[in-house]
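Down below is the structure, laid out as structure tokens.
No experiment lies behind these values; they were computed from the predicted model shown. For this chain, numbers begin at 1 and follow the sequence in order.
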Amino acid sequence: MSPQEFNLEVVPILPTALKRLEELAKNLRYSWNISTRILFEQLDEELWIRVGHNPKLFLRNIDQKRLQKAATDESFLKSYRQVLSSFDAYCDAKERRNGGKKLAEDALIAYFCAEYGFHESLPVYSGGLGILAGDHCKTASDMRLPFVAVGLFYNQGYFNQQIDAQGHQISSYNVNNPQYLPISPALDDAGEEIYIDVKIAKTQVFAKAWKIQVGHIDLYLLDTNVAKNNDDDRAITHQLYGGNEHTRIKQEIVLGIGGVRLLRKLKLAPTIWHINEGHAAFMILERIRELTNNGQSFEAAIEAVSANTVFTTHTPVPAGHDHFPQELIMNYLGSFCEHDMKLSKEAFLALGCWVSDGEHSDFNMTTLAVQGSKHLNGVSRIHGKVSSEICQKFWPEITASENPMRYVTNGVHVPSMLPRQWSDLFDKSLGTEWPERQHDSTFWQGVEDIPDQEFWNVKQTIKSRMLKVICSSLTAQHYQTSETHLERMLKYINPNNPNILTIGFARRFATYKRATLLFKDMNRLRSILNNVKRPVVFIFAGKAHPADVPGQEMLKEIYRVSCEPEFMGKILLVQGYDLGLSRRLVSGVDVWLNNPVYPQEASGTSGMKAGINGGINLSVLDGWWPESYDGSNGWAIKQSPLHDEHQRDYDDASSLYEVLLDEVIPLYYERGEKDYSEGWVKKAKRSMATILPRFNTMRMLNDYINKLYLPASHKGKLLRRDNYAKAQELAHWRARMKTKWADVQVRLLSAPQVQQLSYGESINIQVAVRLNDLQPNDVTVELLLSRKIYHPEILVPTQQDLQNISHSDQTETVYYKFKPEHPLDDSGEYLYRLNFQPDLSGGLSYRIRVFPFHEMLSEPHGMGMMRWI
Ligand SMILES: *Cc1c(COP(=O)(O)O)cnc(C)c1O
């Protein structure tokens, strides 16, 4: 019989000289300040890796003797003091930066998201959405914005991934022990832990609030795993995107409704509310409830709430939007809507079920978010367009290009993704002010002046370090494999020989991302990979959601190919993709491959991370890439125009092989006398110089402030004034519009007979509008004068023209407003007149329209009503 073992934890004590390591371990600034992480690593490199780069866990496990030794080690103490002084300088500088200065003194942005990705040591993220949210918070801290974030604390976070010897994904969950995470209970003024409660179906569910310090800002995570709850409810926040739709709806109730309650308990009064993806949209309900309980009408309440709410959608596929059957929503929120919101079932369901979707449509979180937010955006130019088309039904008479859906292209938090070697080089070559000038494109042209050799050396050093990490990962992953086999597998990723073209593909294995597109035509792939003079290695990594069977099949396929003798070592699949591995890959590889199905990649951010590190993108022109690609800073895989899935994939793969064979591989190996290719370095520099200043989150936050936060704050404030007087006025006006609009008509009374005039001459046009009891100022009558894109008879269309035809929103248009004159006696109509000199010349055309106008509308076409002549 083996003896019984008893657990015992002896907690190391920090020597006085190193006392503040604890502070550094508690503030997530370590997730973007690499010197802080290196400081921990210096204490015990092996332990640092074993604890998954988790500073708090590290300090719980470090050998006391090492601490004591470090406390007297002058060189360590020097780094310690440097890190602390930079930490203090960061924390002490409270003045708002760039766009932040424009926000009102009392402004507060409340940001809600279901997942947050800051660092591998806090596993409450699954992929791009979470990392974007994390980057948003980090940047809000960098810019000293008035900002608070809300999310959920998942006891088991997202799963860990292993890949077994058959290529199966094995998922396992670690329990997130708060003691070992950079979080602590949120406390009220009396020093008591903060709990909130929400009613879900018939039970009162409690959630404890955890607080996380992200530099200057606070993130609160709600956790239902508390003793006051029954077992079922304790499990609500068990896993990120885990459980079934019952779990999902409960999580979203805790996040949305509970989140608002938490902010109130904290005595915070946000002036701007940001819903990052539909999961958090229930916050709208709670905020409406607050106002109706204070005596406002439902209509005025929704005016006021939506006026300062920003909704960002991240999914270009309608089926990807969260939705719940009506019975389910009534089961869980029926009593909330009836008793708390005092809303009829019909009115409540109408918030999430759109009429044209049919009577029995599901309750859709995007519908709720769109109806409860007046400031809407997608996350890239293409995605903005796709989203405005998906959402067109909400503004049925408005063309998609004019409806209220805007876009703010995503970015990445540069310091989080940049190894020290680059920042040192930037300090030296561009000046230490580079972090402040992140979004200054002219400044970054300076990258071109860095000597090629120096640039290349840095890139190679970082690549070498990545190769080392990949080698040890693969060795651990294939621990059963023979030495010879392992040698074959690692042959092309030798850290001492980083001169082999290395192409990376790592992201969630959602099927639309087509991780296996490269294997579409094995013969062509063979011809690329079997050239001994120009070896190429592909490194794959990524998790498939445990419920996503096709995604797991893709993993298996990559694994299978990677085991075939002829591809051995040239196709590699690394398990356990997380932020740590992501940082390594995006900074280390030469080329970043991205081949989603157009237009399903809302933005994508991993390619931006590669770009800021001098990696070169090879990507389908989808998501963010068309906004960056200029022919010199990377490569485009031009997507197939075909809709047949198989043929489309085949065509896209063909284009991929062609670019690889004709451009990527030859350029990399065109080395001449030097140990690098000049053409390659030129492209890599262009990639960095063009991508870094535009696709960083500082630019992104400034866009959010200018396009969404400022208008939201302004409108919200107006509507709150005088006990919501304007909200009531707007609600009445909107109701009147809805009843009157159907019978509003417009017709042409008189227009010039001539179709030709000389520049400078005027035209006089009169229209009659049947106002149907509306006031003349309730509507805008407008003429749109557009340049014909090309004159069919004389001009040969350019390539640009032909492209513009399919994006007709890009034609040049000038708008002229008609003046209301007087009622027309007999017809019940009103006369509007326009006398104008065309500002354009050449072949033109004009159109005339009428639409509702109110100065308080956040968007000119937010009513979705329009009549054309
Ligand atoms: C950046 C990042 C992503 C996003 O990848 P996309 O290719 O943009 O989908 C996902 N997961 C991790 C860990 C990342 O770092």
Side-chain angles (χ1 to χ4, degrees), residues 5-92 118-123 174 176-184 212-215 415-416 418-424 427 461-462 464-469 471-473 475-476 495-496 578-581 583-584 587:
E5 271 183 14
F6 301 92
N7 287 335
L8 184 67
E9 184 185 6
V10 178
V11 182
I13 301 209
L14 284 175
T16 322
L18 301 179
K19 206 76 201 146
R20 294 189 65 198
L21 281 177
E22 205 176 328
E23 239 174 285
L24 296 175
K26 268 198 326 215
N27 192 316
L28 271 176
R29 181 169 179 265
Y30 72 72
S31 69
W32 70 93
N33 185 270
I34 195 148
S35 307
T36 311
R37 298 203 301 273
I38 290 174
L39 189 70
F40 288 110
E41 188 180 12
Q42 275 175 3
L43 281 170
D44 184 345
E45 206 177 323
E46 203 193 308
L47 179 64
W48 180 243
I49 294 170
R50 275 203 297 123
V51 298
H53 310 147
N54 175 336
K56 242 178 132 178
L57 188 56
F58 180 85
L59 292 182
R60 290 288 285 245
N61 283 286
I62 191 164
D63 181 15
Q64 186 74 32
K65 291 183 205 74
R66 277 192 190 252
L67 285 176
Q68 249 122 24
K69 192 156 157 259
T72 56
D73 173 352
E74 239 343 285
S75 109
F76 181 82
L77 288 172
K78 191 166 159 237
S79 321
Y80 173 72
R81 282 191 293 266
Q82 270 168 359
V83 168
L84 276 180
S85 96
S86 126
F87 179 73
D88 289 338
Y90 185 90
C91 294
D92 292 346
F118 293 98
H119 188 252
E120 57 272 26
S121 58
L122 187 60
N174 281 354
N176 275 334
N177 183 341
Q179 281 195 320
Y180 302 145
L181 296 176
I183 73 177
S184 53
I212 303 185
Q213 199 68 43
V214 185
S416 294
L418 212 55
R420 178 132 98 178
Q421 289 86 348
W422 281 128
S423 48
D424 286 350
D427 282 351
T461 307
I462 296 167
S464 219
R465 288 186 36 163
M466 169 205 67
L467 294 177
K468 204 167 146 211
V469 170
C471 279
S472 45
S473 263
T475 307
N496 300 317
D578 67 358
L579 260 166
L581 182 54
R583 273 202 312 278
R584 288 276 179 231
S587 60

>> To check you understand the geometry: which heavy-atom pair defines the closest contact between Ala70 and Leu18, and what is its length?
In response: CB-CD1, 4.0 Å

> Taking side chain as C-beta onward, heavy atoms only, is Leu84 less than 4.5 Å from Leu24?
Replying inline: yes

Extract all donor-acceptor atom pairs below 3.5 Å that involve side chains of residues 42-52 and protein atoms in other chains or at least two apart in sequence.
from  : atom 1 : to    : atom 2 : distance (Å)
Asp44 : OD1    : Glu46 : N      : 3.3
Asp44 : OD1    : Leu47 : N      : 3.2
Asp44 : OD2    : Arg66 : NE     : 3.4

> So, do Arg584 and Lys468 sit near enough that their side-chain heavy atoms are less than 4.5 Å apart?
Replying inline: no

> Are the side chain of Gln68 and the backbone N or O of Pro15 linked by a donor-acceptor pair below 3.5 Å?
Replying inline: no

> What residue pairs, at least two apart or across chains, pass side chain to side chain donor-acceptor pair (under 3.5 Å) with a residue in residues 19-29?
Replying inline: Arg20-Glu23, Arg20-Asp88, Arg29-Ser86

> If you look at every heavy atom in Tyr80 and Ala17, which pair is closest and at what distance?
Replying inline: CE2-O, 3.0 Å

>> So, using ring-ring contact (aromatic ring centres under 6.0 Å, His included) as the criterion, who are the partners of Phe118 when residues are at least two apart?
In response: none

> What heavy-atom pair brings Phe76 and Leu39 nearest, and what distance separates the two atoms?
Replying inline: CE1-O, 3.5 Å

>> Suppose we screen for salt bridge (charged side-chain N to carboxylate O under 4.0 Å, His left out). Which residues come up paired with Arg465, at least two apart in sequence or across chains?
In response: none

> Rounded to the nearest 0.5 Å, how far apart are OG of Ser416 and CG of Leu579?
Replying inline: 8.5 Å

>> Quick one: does any side-chain atom of Asn61 pair with a main-chain N or O of Leu57 as donor and acceptor, under 3.5 Å?
In response: yes

> What's the spacing between Leu418 CG and Ile34 CD1 if we round to 0.5 Å?
Replying inline: 8.5 Å

>> side-chain contact (heavy atoms from CB on, under 4.5 Å) for Val214 and Trp32? Distances and angles first, verdict last.
In response: CA-CA 10 Å; Val214 185; Trp32 70 93; 3.8 Å; yes

> What are the two closest heavy atoms between Ile183 and Lys56, and how far apart are they?
Replying inline: O-NZ, 3.4 Å

>> So Asn176 and Pro123, do their side chains get closer than 4.5 Å, heavy atoms only?
In response: yes

> How many angstroms lie between CD1 in Ile38 and OG in Ser79, if you round to the nearest 0.5 Å?
Replying inline: 9.5 Å

> Would you call Leu181 and Asn54 a side-chain contact if the rule is heavy atoms closer than 4.5 Å?
Replying inline: yes

> How would you list, by chain and number, every residue that makes a salt bridge (charged side-chain N to carboxylate O under 4.0 Å, His left out) with Glu41, sequence neighbours excluded?
Replying inline: none

>> Quick one, Tyr30 and Pro182 - any side-chain contact, counting heavy atoms below 4.5 Å?
In response: yes

> So do Gln213 and Ser184 actually touch side chain to side chain, heavy atoms under 4.5 Å?
Replying inline: no

> With sequence neighbours left out, what residues match Arg37 under salt bridge (charged side-chain N to carboxylate O under 4.0 Å, His left out)?
Replying inline: none

> Which pair of heavy atoms, one from Phe40 and one from Phe58, lies closest together, and at what distance?
Replying inline: O-CZ, 3.1 Å

> In Å, rounded to the nearest 0.5 Å, how long is the span from CG of Asp92 to CZ of Phe87?
Replying inline: 9.5 Å

> Looking at Glu120 and Asp578, what are the two nearest heavy atoms and their distance?
Replying inline: CB-OD2, 3.4 Å

